[in-house]
Amino acid sequence: MAAELIPIQGSAAFYTPDESVQGCVLRIASLIDRYFPGIAAETKALAPDAFKAAAAEWQVDLDSRFEGFKSFKRQIEWFSGRAAFSVLSRRTLGSLHTLGVSDGGAPFIQDSPLQVSITHAGDYAAAAISLDPSWRIGIDMERIRNFPGRESFLKVAFPEDDTIGTKSDEEIMELWTLKEAFLKIIRKGFAENLGQVKILPERFIYRGRPIETIRRRTERFDGHILSFVYGEME
């Protein structure tokens with residue numbers, strides 16, 4: 001589905017992979033150009049006050065976790081993901097909602113049954129909200145690229161798939177984003193054995209059991225892949 005561009009600094013795009021799922025993507029460089037021109041990603045973390053203007057405009061709460069980051073790169077990635085949620089919350093829910101963070105590090109919408117997922121990779125950050133309170137949602141994004149240590153990565157990430165080595169880098173990145181998004185759905189992340197999640201053309205297999213109620217959609221843009229995984233767990 002084509003993105004709908006919006007006028008906020010010309011940096012955001014919306015996706016609707018399902019009528020009950022809304023997503024927003026922000027270009028991180030556009031925020032850097034506007035608020036932090038000339039600052040390299042490798043720079044040490046800036047003082048929180050340096051984000052004051054950006055936080056006010058994008059309505060992002062700089063919490064204690066933000067203050068613990070050691071690099072500007074980590075700060076701006078985190079901020080961009082929260083800014084994407086801020087835009088999406090106001091557009092989709094009609095007002096700004098506050099994000100909390102679970103003990104496992106996953107974001108949640110305070111005082112709301114709706115679920116949210118946030119990700120970032122390469123030049124972009126993204127957020128997505130499920131408008132169905134019974135649905136879980138997970139998103140993940142990767143930049144399409146050749147990567148070193150391909151064989152070692154495939155053995156760790158896809159031990160269940162004997163054919164993975166025959167796939168292109170783009171196909172592998174798509175499958176990886178789907179697997180990571182599914183791990184968010186089951187709320188285990190990398191605590192789960194990656195081989196327990198198998199991705200077939202029409203469904204996920206988890207611990208040997210077909211999962212028929214979880215849907216997915218993948219978008220490609222500007223050399224990136226963004227996957228949405230959503231639905232009700234059986």
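Every value quoted in this text rests on a predicted model; they were computed, and no experiment measured them. As a basis for the values below, the full set of heavy atoms in this structure was taken, side chains included, without hydrogen atoms, waters or symmetry mates.
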CD1 on Ile139 to CD on Glu219, rounded to 0.5 Å: 11.5 Å

Inter-residue atom distance Glu202.CD - Glu212.CD, 0.5 Å rounding: 10.0 Å

Between Ser86 and Arg90: side-chain donor-acceptor atoms closer than 3.5 Å: yes

Cation over ring face, Arg91 and Phe14, 6.0 Å, 45°: yes

Student check: side-chain heavy atoms of Thr218 and Ile225 closer than 4.5 Å: yes

Residues Asp140, Leu178; criterion side chain to side chain contact (heavy atoms under 4.5 Å, CB included); working and verdict: CA-CA 7 Å; Asp140 190 67; Leu178 288 169; over 6 Å; no

Sidechain-backbone polar pair: Asp49 side chain, Lys52 backbone, donor-acceptor under 3.5 Å: no

Considering all heavy atoms, the nearest Thr177-Met141 contact: CG2-C, 4.0 Å

Intermediate values then yes/no, side chain to side chain contact (heavy atoms under 4.5 Å, CB included), Glu192 and Leu183: CA-CA 8 Å; Glu192 180 56 276; Leu183 291 172; 4.0 Å; yes

Gap between atom OG of Ser30 and atom CG of Asp123 - 0.5 Å precision: 10.0 Å

Aromatic ring pairing Phe221/His224, orientation class (parallel under 30°, perpendicular over 60°, tilted between): parallel

Evaluation steps, side chain to side chain donor-acceptor pair (under 3.5 Å), between Ser134 and Asp132: CA-CA 5 Å; Ser134 68; Asp132 185 329; 2.7 Å; yes

Side chain to side chain, Phe153 and Ile172, heavy atoms closer than 4.5 Å: yes

Which atom of Pro48 lies closest to which atom of Glu67, heavy atoms considered: CG-CG, 4.0 Å

Full working for salt bridge (Lys or Arg N to Asp or Glu O under 4.0 Å) between Glu232 and Arg136: CA-CA 6 Å; Glu232 187 172 1; Arg136 299 185 185 185; over 6 Å; no

Parallel, tilted or perpendicular, as decided by the 30° and 60° cut-offs, for the rings of Phe51 and Phe79: tilted

Minimum side-chain heavy-atom gap Met233-Thr213 below 4.5 Å: no

Any Leu88 side-chain heavy atom under 4.5 Å of Gln22 side chain: yes

Under 3.5 Å: donor-acceptor pair, side chain of Lys70, backbone of Lys44: no

Verify same cluster id: Met173, Val156 (apolar side-chain graph, 4.5 Å): yes

Plane angle bin for Phe228 and Tyr15 - parallel if under 30°, tilted between 30 and 60°, otherwise perpendicular: tilted

Gap separating the CG atom of Asp63 from the CZ atom of Arg82, nearest 0.5 angstrom: 7.0 Å

Heavy-atom pair of closest approach, residues Ser80 and Ile28: OG-CG1, 3.6 Å

Electrostatic pair Asp169-Arg150, nearest N-O below 4.0 angstrom: yes

Tyr35-Ile39 co-clustered via ILVMFWY side chain contacts under 4.5 Å: yes

Check: Ser71 side chain, Arg74 main-chain N or O, donor-acceptor pair, under 3.5 Å: yes

Backbone N/O of Thr163 and side chain of Thr166: donor-acceptor pair under 3.5 Å: yes

Side chain to side chain, Ile32 and Phe72, heavy atoms closer than 4.5 Å: yes

Leu154 CG to Asp162 CG distance, which is reported to the nearest 0.5 Å: 12.0 Å

Over all atoms of both residues, closest heavy-atom pair of Gly138 and Ala181: O-CB, 3.4 Å

Candidates Lys167, Lys179, Arg220 - the one meeting side-chain hydrogen bond (donor to acceptor under 3.5 Å, both in side chains) with Glu174: Arg220

Distance (rounded to the nearest 0.5 Å) between Asp222 CG and Arg143 CZ: 11.0 Å

Pair Glu77-Lys73, salt bridge (Lys or Arg N to Asp or Glu O under 4.0 Å): steps then yes or no: CA-CA 6 Å; Glu77 289 173 341; Lys73 180 178 185 295; 2.6 Å; yes

Contact summary for Pro159 and Ala157, nearest pair of heavy atoms: CD-C, 3.4 Å

Path from Ile164 to Ile205 over hydrophobic side-chain contacts below 4.5 Å: no

N-O pairing of Arg217 and Asp18 below 4.0 Å: no

Test item: Val229 and Ile214 side chains (from C-beta on) under 4.5 Å apart, heavy atoms: yes

For Ala12 against Cys24, the heavy-atom pair lying closest together: CB-SG, 4.2 Å

Side-chain touch Phe204/Arg216, heavy atoms, less than 4.5 angstrom: yes

Chi angles and distances behind the side chain to side chain contact (heavy atoms under 4.5 Å, CB included) call for Glu142, Trp176: CA-CA 8 Å; Glu142 292 288 345; Trp176 179 238; 3.5 Å; yes

Chi angles and distances behind the side chain to side chain contact (heavy atoms under 4.5 Å, CB included) call for Ile137, Val21: CA-CA 8 Å; Ile137 185 167; Val21 175; 3.6 Å; yes

hydrophobic_cluster_shared for Leu93 and Leu96, side chain cutoff 4.5 Å: no

Qualifying side-chain hydrogen bond (donor to acceptor under 3.5 Å, both in side chains) pairs, either residue in residues 98-121, two or more places apart: Gln115-Arg187

Beyond-backbone contact of Leu31 with Phe36, side-chain heavy atoms, under 4.5 angstrom: no

